[in-house]
Each structure stands twice: as C-alpha cells, then as structure tokens.
Amino acid sequence: MTALLKTRPEPGMTLESVPVPEPGPGDVRIRVESVGIDGGAEALIHDWHESKRHYADELPQLFGHEFAGTIDATGSDVDGVAAGERVAVEPVVGCGRCRCCRSGSSSICPDRRILGLDPEIDGALAEYAVVPREALYPIGSLSADEGVFLELLGLAVHGIERSSFEPGDSVAITGPGAVGIGALVAAVAGGASSITVVGTEADRRDRLPLARELGATRAVTVEDAAEGTEDVDVFVEASGHPEALSLASSATRRGGEIVQIGIFHGAETVPVDLTRLVRRGVSVTTVYGRRDSSWRRAIAIAEGVDLSPALGPAFPLADYEAAFEATRQRKGVKITLHP
C-alpha cells in the first residue's frame with residue numbers, strides 16, 4: 001500500500017510503498033477514507049517544529065491520528081463489528097486497568113498510547129490502518145470527513161461535559177479552528193443563550209463568517225474582543241495562545257469558568273494571574289481527549305447538524321504537500337487527506 005512516512009529529521013514527508021498491515025487478536029483493519037491534518041500534530045511534524053523533534057530517534061514513522069473509513073478485515077476475538085461497516089476512530093488507547101481508565105478517563109491514562117502519534121503504533125496516513133476493536137465508533141451514514149471531525153467535536157463536547165455549562169449560559173470561544181468550531185457546535189446544541197467566537201485578523205474573511213454561519217451570535221477579532229466580551233458564564237479557550245488565556249481571565253464573570261482545551265506548543269511557560277482568578281472566584285477546568293459519552297453525543301449532534309462548512313478542503317494523499325501548505329495558510333477548518 002501507499003503510505004506517507006516521516007523518514008528524516010527535517011521538514012517534509014515521503015510517499016513510500018509498505019506492506020498492508022494484518023490485524024492481530026482483538027484488532028480491526030480499516031480501509032482509510034479520510035485522515036485529518038492536525039495543526040498541532042501532523043502539521044508540526046511535517047514542518048519539523050522544535051516541539052516535535054523528540055521523534056528524531058524513532059524515524060521512519062507513519063503518523064496520522066484523526067481518521068475514518070470502512071472495516072476491511074478483523075482479527076480473532078473481535079465481535080460486534082463486521083467488514084463493510086463505516087467507523088471513526090478514538091486514537092487514545094488507555095491501559096484499561098488504572099484508576100483513570102476504570103473511571104472512564106482513558107485519555108489521561110498515564111500509560112496511554114495514541115494511534116498515529118505513538119512511535120510503536122502506525123497511524124493512518126496510508127491506505128490501511130490497524131486499530132484495537134475498542135477504538136471504533138460506527139458512524140452510519142455520516143461521511144468520512146465528518147467522521148474525522150467527530151474526534152474534534154468529541155473533544156469540544158467533553159469540554160462542555162466537564163464544565164458547569166447549563167442551557168441559557170453565555171459562552172465565549174477563542175480559536176476558530178477545528179476544536180473551537182467544534183465547541184461552537186456543541187454550545188449551540190447545548191442551548192447557549194449567546195456565543196462569542198474570537199479569532200485573529202487572519203480569520204476575519206473566512207473562519208469568523210463561518211462561525212456566524214454555524215450559530216455564533218458574535219464573531220470578532222481579538223483586537224475587538226475587549227469590548228463586549230465580558231462577564232460570560234463559560235469561556236472556552238481553544239487556541240493555545242497566551243493572549244487568549246489572558247482575555248479569558250478578564251472576560252469571565254465572577255464565579256464563572258474557563259475551560260482550557262488549547263495546547264500551548266511554545267517552549268515558554270504561560271503566565272496566569274491566579275490571584276485575579278482566585279479573588280473573582282473563576283475556576284479553570286482543563287480538558288484533554290474524550291470519553292465514551294463525548295463520542296456518543298458528538299455523533300448525535302453530527303447527525304442533526306450540517307457540518308459541511310467546517311469540513312475541507314480535502315486532498316488526495318498524493319497531493320500532501322498542497323494539503324500541508326493549505327494548513328499553513330489556514331484555509332478551511334478541518335483539512336483532510338484521502339488515501
């Protein structure tokens with residue numbers, strides 16, 4: 001099969017011919033139909049960002065952790081799914097034994113492995129991928145690109161689940177990328193009274209109008225956010241930018257909550273005025289990964305919402321350089337490759 005490999009510790013990836021993987025006991029092989037480019041993972045790995053250079057000694061490696069497709073074959077000891085069924089994949093696999101896993105929080109398992117990011121587990125930037133049976137979520141009639149987006153929507157849903165959000169609350173979201181747009185969709189589905197989405201100047205022409213199309217009552221740049229973005233009940237920080245966290249600290253109402261989903265990839269620590277948060281009674285909830293309930297709710301939301309404005313552009317796997325360039329240029333929201 002054709003696979004897109006990271007072969008050298010330098011910018012770029014390479015198309016290679018590799019053997020089709022065989023599913024072992026408890027595993028399922030998927031014919032990959034769509035795989036996402038994560039701006040904080042595969043895109044940085046392709047560009048060989050300093051935060052990803054710890055992979056240097058593990059190369060060559062097959063990445064790709066957001067994907068969906070059709071079951072092609074099953075190993076022994078697999079039941080409940082069959083060849084031909086269309087599925088999305090939960091990439092975080094816990095040990096199944098620790099306190100986190102037993103409470104349903106396998107995403108924060110200390111021994112978790114991430115399909116397509118763990119050096120010992122091949123990912124989905126290829127025609128086929130092998131995954132554990134427990135990682136699968138049937139998607140029915142949803143498209144493969146929607147299946148990819150479910151991973152991000154599920155993360156956003158988990159953020160809303162973990163927060164104190166209630167119907168009628170006001171919400172602000174920083175970062176109109178895939179996770180931020182997912183948080184918008186989740187907040188709309190949850191019955192928020194108002195939703196402000198905050199982006200950068202680069203988002204003014206496309207992502208902010210998209211946010212309004214998907215239900216935001218207000219979509220503004222960070223320069224304009226200081227006025228009118230105040231005293232919100234729940235502030236979802238999905239950008240991973242220090243200035244966004246600063247805005248969240250000042251815009252959340254007394255007794256409100258900041259939900260931190262964005263990952264900070266810089267080398268420096270992020271300053272937080274904890275004294276201000278403490279004196280105003282603002283809580284901070286951190287969110288990583290998804291729970292089973294997040295997936296089920298995300299699928300239910302996707303079945304009733306037109307997610308197409310947030311999907312694409314899509315590229316054939318052979319046009320991967322164009323796809324990574326589109327990611328750099330912030331085109332669309334969830335860019336995908338189709339092997």
Side-chain angles (χ1 to χ4, degrees), residues 38-41 43-44 49 51 152-153 155-160 162-165 169-188 192 194-212 214-254 256-278 280-289 310 327-328 330 333-334:
D38 185 338
L44 296 183
H49 187 274
S51 66
L152 292 311
L153 180 57
L155 172 57
V157 168
H158 187 201
I160 298 298
R162 290 206 62 203
S163 75
S164 57
F165 171 84
D169 279 353
S170 58
V171 176
I173 302 165
T174 45
V179 176
I181 293 298
L184 166 62
V185 172
V188 170
S194 66
I195 307 171
T196 296
V197 175
V198 182
T200 66
E201 186 63 32
D203 299 317
R204 185 184 293 275
R205 295 183 60 183
D206 47 17
R207 292 184 176 183
L208 293 181
L210 168 65
R212 286 189 285 269
L214 288 172
T217 51
R218 184 167 175 258
V220 297
T221 64
V222 67
E223 291 80 12
D224 298 330
E227 297 182 10
T229 305
E230 55 188 19
D231 294 335
V232 299
D233 296 305
V234 178
F235 199 115
V236 180
E237 202 302 279
S239 72
H241 195 287
E243 290 185 13
L245 183 56
S246 177
L247 175 63
S249 298
S250 63
T252 306
R253 69 167 174 82
R254 292 175 179 270
E257 182 176 18
I258 298 171
V259 178
Q260 183 63 48
I261 300 179
I263 301 293
F264 298 94
H265 292 285
E268 301 297 323
T269 56
V270 179
V272 180
D273 187 352
L274 283 176
T275 298
R276 175 180 173 79
L277 297 180
V278 170
R280 298 177 69 247
V282 175
S283 61
V284 178
T285 298
T286 60
V287 178
Y288 184 80
T327 304
R328 292 187 206 99
R330 297 167 62 85
V333 174
K334 186 69 262 175

**OP:** Report the C-alpha distance between Ile173 and Thr196 in whole Å, list the side-chain angles of each, state the deciding distance to 0.1 Å, and finish with yes or no for side-chain contact (heavy atoms from CB on, under 4.5 Å).
**Re:** CA-CA 6 Å; Ile173 302 165; Thr196 296; over 6 Å; no
Original post:
Between Ser249 and Asp273, is any side-chain donor less than 3.5 angstrom from a side-chain acceptor?
Top reply: no
Which pair of non-hydrogen atoms, one from [X] and one from [Y], has the smallest distance, and what is that distance?
{"X": "Ala238", "Y": "Gly175", "result": "CB-O, 4.2 Å"}
{"X": "Leu44", "Y": "Gly40", "result": "CD1-O, 3.6 Å"}
{"X": "Gly177", "Y": "Arg207", "result": "CA-NH1, 3.7 Å"}
{"X": "Leu153", "Y": "Ala186", "result": "CD1-N, 4.4 Å"}
{"X": "Ala310", "Y": "Leu214", "result": "CB-CD1, 4.4 Å"}
{"X": "Leu184", "Y": "Gly215", "result": "CD1-C, 4.1 Å"}

Main-chain N/O of [Y] paired to [X] side chain as donor or acceptor, under 3.5 Å:
{"X": "His158", "Y": "Gly289", "result": "yes"}
{"X": "Arg212", "Y": "Ala219", "result": "yes"}
{"X": "Asp233", "Y": "Gly256", "result": "no"}
{"X": "Glu257", "Y": "Ser164", "result": "yes"}
{"X": "Arg254", "Y": "Gly281", "result": "no"}
{"X": "Thr217", "Y": "Ser194", "result": "no"}
{"X": "Arg218", "Y": "Val198", "result": "no"}

Side-chain heavy atoms of [X] within contact of [Y], under 4.5 Å:
{"X": "His241", "Y": "Val222", "result": "no"}
{"X": "Pro176", "Y": "Leu210", "result": "no"}
{"X": "Asp203", "Y": "Thr221", "result": "no"}
{"X": "Ile195", "Y": "Val188", "result": "yes"}
{"X": "Glu237", "Y": "Val259", "result": "no"}
{"X": "Val270", "Y": "Leu245", "result": "yes"}
{"X": "Thr174", "Y": "Val236", "result": "no"}

Subject >> Set of residues satisfying side chain to side chain donor-acceptor pair (under 3.5 Å) with respect to Arg204, sequence neighbours excluded >> reply: Glu201
**OP:** Name all residues meeting the side chain to side chain contact (heavy atoms under 4.5 Å, CB included) criterion together with Ala248; count only those two or more places apart in sequence or in a different chain, and write none if there are none.
**Re:** Phe235, Ile258
**OP:** Enter the distance from Asp38:CG to Leu152:CG here, rounded to the nearest 0.5 Å.
**Re:** 7.0 Å
Original post:
Which value, rounded to the nearest 0.5 Å, describes the distance between Ile263 atom CD1 and Ser239 atom OG?
Top reply: 11.0 Å
**OP:** Take Thr200 and Arg330 through the test side-chain contact (heavy atoms from CB on, under 4.5 Å) and record every step on the way to the result.
**Re:** CA-CA 11 Å; Thr200 66; Arg330 297 167 62 85; 3.9 Å; yes
Subject >> Worked check of side-chain contact (heavy atoms from CB on, under 4.5 Å) between Val232 and Ser170 >> reply: CA-CA 5 Å; Val232 299; Ser170 58; 3.8 Å; yes
